[in-house]
Amino acid sequence: MIDKTLQNFDIFKFQANLINWYHANKRDLPWRKDQDPYKVWVSEIMLQQTKVDTVIPYFQRFITKYPTLQDLADADQQDVLKTWEGLGYYSRARNLQNAVREVVSAYGSKVPANPKELGALKGVGPYTQGAILSIAFNQPEPAVDGNVMRVLSRVLKIEEDIAQPKVKKHFERYTKKMISDEDPSAFNQGIMELGALVCTPKSPMCMLCPVQEQCRAFEEGVEQELPIKSKAKKQKTIPYVALLIRNEKNQYVIEKRSETGLLANMWQFPMVPIDEIGMDHIENWVEMEYGVQVDLGNKLGKLKHVFSHLIWQLDIIEATTGSVQVTDKRVELVDKNRLADYPFPVSHQKMMKYMREE
DNA sequence: TATGCGTGGAT
DNA sequence: TATCCAAGCAT
């Protein structure tokens, strides 16, 4: 199967054209200043499912705050989440810190340079493992991401559904055959850079492509039809009443989310699953759930928070409460000007704009 | 294998 | 406005 696909394909020519193009056209990105395995690692985690332009400022702040493995290992998880705030997929941050602590304690603060130990670290999957081994340690290991599957599906005219997990394994086998032993870092980064800058999902710029001559999809004029990717099913919408509960000292009730699942260990304003509770029982439910007696006020606005797999529809309502003693460990009464110390998901950062005083 | 897991930008 | 997508991983 693989042998047939790569039959009559000049791998050495592909490597040379790709790597030369990469060295001439690669972007000057902050994580390309050196090959520090820790910084390569941080960048690869941040870049998962996230665009380069989004990552750049986060990477700068993160490395400034945690310049070394030891600094990140010593940090408080809440501070790490705060630094990650707005970047999404927060388990990446928690897993990264856990894995860094593992490297400090088990590997003498040296990022392991072998597939087995590296791949066993939390948050390091097949792609990230290959990326670190090739970029930081110059090892010819495949690093197959969405770019690689798109580029190779076109160049080799592969018509498998890239949404299926097993298909990614097929691409890893192709890449193992095709990767350069002389410059695996430039090869892997070159395909990704090509996918990001030239061989884009829509309207690829084939006239600028260094491997156009070898591209089977271009030859047949079908580059726009590849890769083949089945569609995700659409998200379910869940309506909530989100409460800005304020006392006379201008403090607000917030809660820390569960340590697992969606937005784990992030903070939020109280949210009432209104389909289950009903508008008439909000006060009762809030007292049961948070131990806080509230008087509901005006509706302040609404927000939509779109996740990959679900949508929150938030109706924002203001509420007041007397001077209460919060007993639940995960609930706090916090001064308005201290809210910025806590990590919030984006929808709840936006909620703060609706706050108003007496 | 399918699903849960964020967010913002491009089209 | 709706859809897609972006250097994936855990379970």
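We name chains A, B, ... by the order of the sequence lines, and we start the count at 1 in each one. As the structure is a computational prediction, the values presented were derived from the model and not from experiment. The basis for the numbers below is simple: all heavy atoms, side chains too, and nothing from hydrogens, waters or symmetry mates.
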With sugar-phosphate meaning primed atoms plus P, OP1 and OP2, does A:Arg150 contact a base, only sugar-phosphate, or nothing at under 4.0 Å between heavy atoms? sugar-phosphate

For A:Trp267 and A:Gln78, does a side-chain donor sit closer than 3.5 Å to a side-chain acceptor? yes

Assign A:Leu29 to base, sugar-phosphate, or nothing according to its heavy-atom contacts below 4.0 angstrom with the strands shown. base

Joint cluster assignment, A:Ile179 & A:Ile11, ILVMFWY side-chain distance < 4.5 Å: yes

Using a 4.0 Å heavy-atom cut-off across all strands, classify A:Val55 as base, sugar-phosphate, or nothing. nothing

Need one value for A:Lys168: base, sugar-phosphate or nothing, where a base atom within 4.0 Å counts as base even if backbone is also close, heavy atoms only. sugar-phosphate

Just by protein heavy atoms under 4.0 Å, how would nucleotides 1-7 of chain B read 5' to 3' in B, S and -? SBSSBBB

Which of parallel (below 30°), tilted (30 to 60°) and perpendicular (above 60°) describes A:Phe307 and A:His305? parallel

Rounded to the nearest Å, what distance is computed from the CG atom of residue A:Leu47 to the C1' atom of nucleotide B:dG8? 15 Å

Just wondering, do A:Trp31 and A:Leu47 contact through their side chains at under 4.5 Å, heavy atoms? yes

Answer yes or no: does atom NZ of A:Lys122 have more than 12 heavy-atom neighbours from other residues, nucleotides or ligands under 6.0 Å? no

Measure the acute angle between the ring planes of A:Phe344 and A:Phe269, then classify it against the limits of 30° and 60° as parallel, tilted or perpendicular. parallel

Residue whose nearest DNA chain C nucleotide is more 5′ - A:Arg32 or A:Gly119: A:Arg32

Between C:dA6 and B:dC5, how far apart are the two C1' atoms, rounded to whole Å? 15 Å

Separation of C:dG8 P from A:Lys51 NZ (nearest whole Å): 10 Å

How many whole angstroms separate atom CD of A:Gln235 from atom C1' of C:dT1? 14 Å

Would A:Glu318 and A:Tyr354 count as a side-chain hydrogen bond (donor to acceptor under 3.5 Å, both in side chains) here? Give the steps. CA-CA 9 Å; A:Glu318 64 178 341; A:Tyr354 290 90; over 6 Å; no

When rounded to whole Å, the NZ to P distance for the pair A:Lys202 and C:dC4 reads 8 Å

Using a cut-off of 4.0 Å on non-hydrogen atoms, how would the nucleic acid contact of A:Ser43 be classed: base, sugar-phosphate, or nothing? nothing

Just verifying a value: how many Å separate A:Ser153 OG and A:Arg216 CZ, rounded to the nearest 0.5 Å? 12.5 Å

Residue-level proximity of residues 17-27 of chain A to DNA chain C when a heavy atom falls under 4.0 Å: A:Arg27

Taking atom P of C:dA2 as reference, at what distance in whole Å does atom CD1 of A:Ile311 sit? 9 Å

Round to a whole Å and report the spacing from CD1 of A:Ile56 to P of B:dG8. 16 Å

Tell me if the NZ atom of A:Lys65 is crowded by more than 12 foreign heavy atoms within 6.0 Å. yes

Please report the distance, rounded to the nearest Å, between NZ in A:Lys231 and P in C:dT3. 10 Å

Tell me whether A:Leu208 shares a hydrophobic cluster with A:Phe218, the cluster being built from Ile, Leu, Val, Met, Phe, Trp, Tyr side chains joined at under 4.5 Å. no

Using atom P in both nucleotides, what's the gap between C:dT11 and B:dG6 to the nearest angstrom? 14 Å

Whole angstrom is fine here: how far is it from CE in A:Met149 over to P in C:dC5? 12 Å

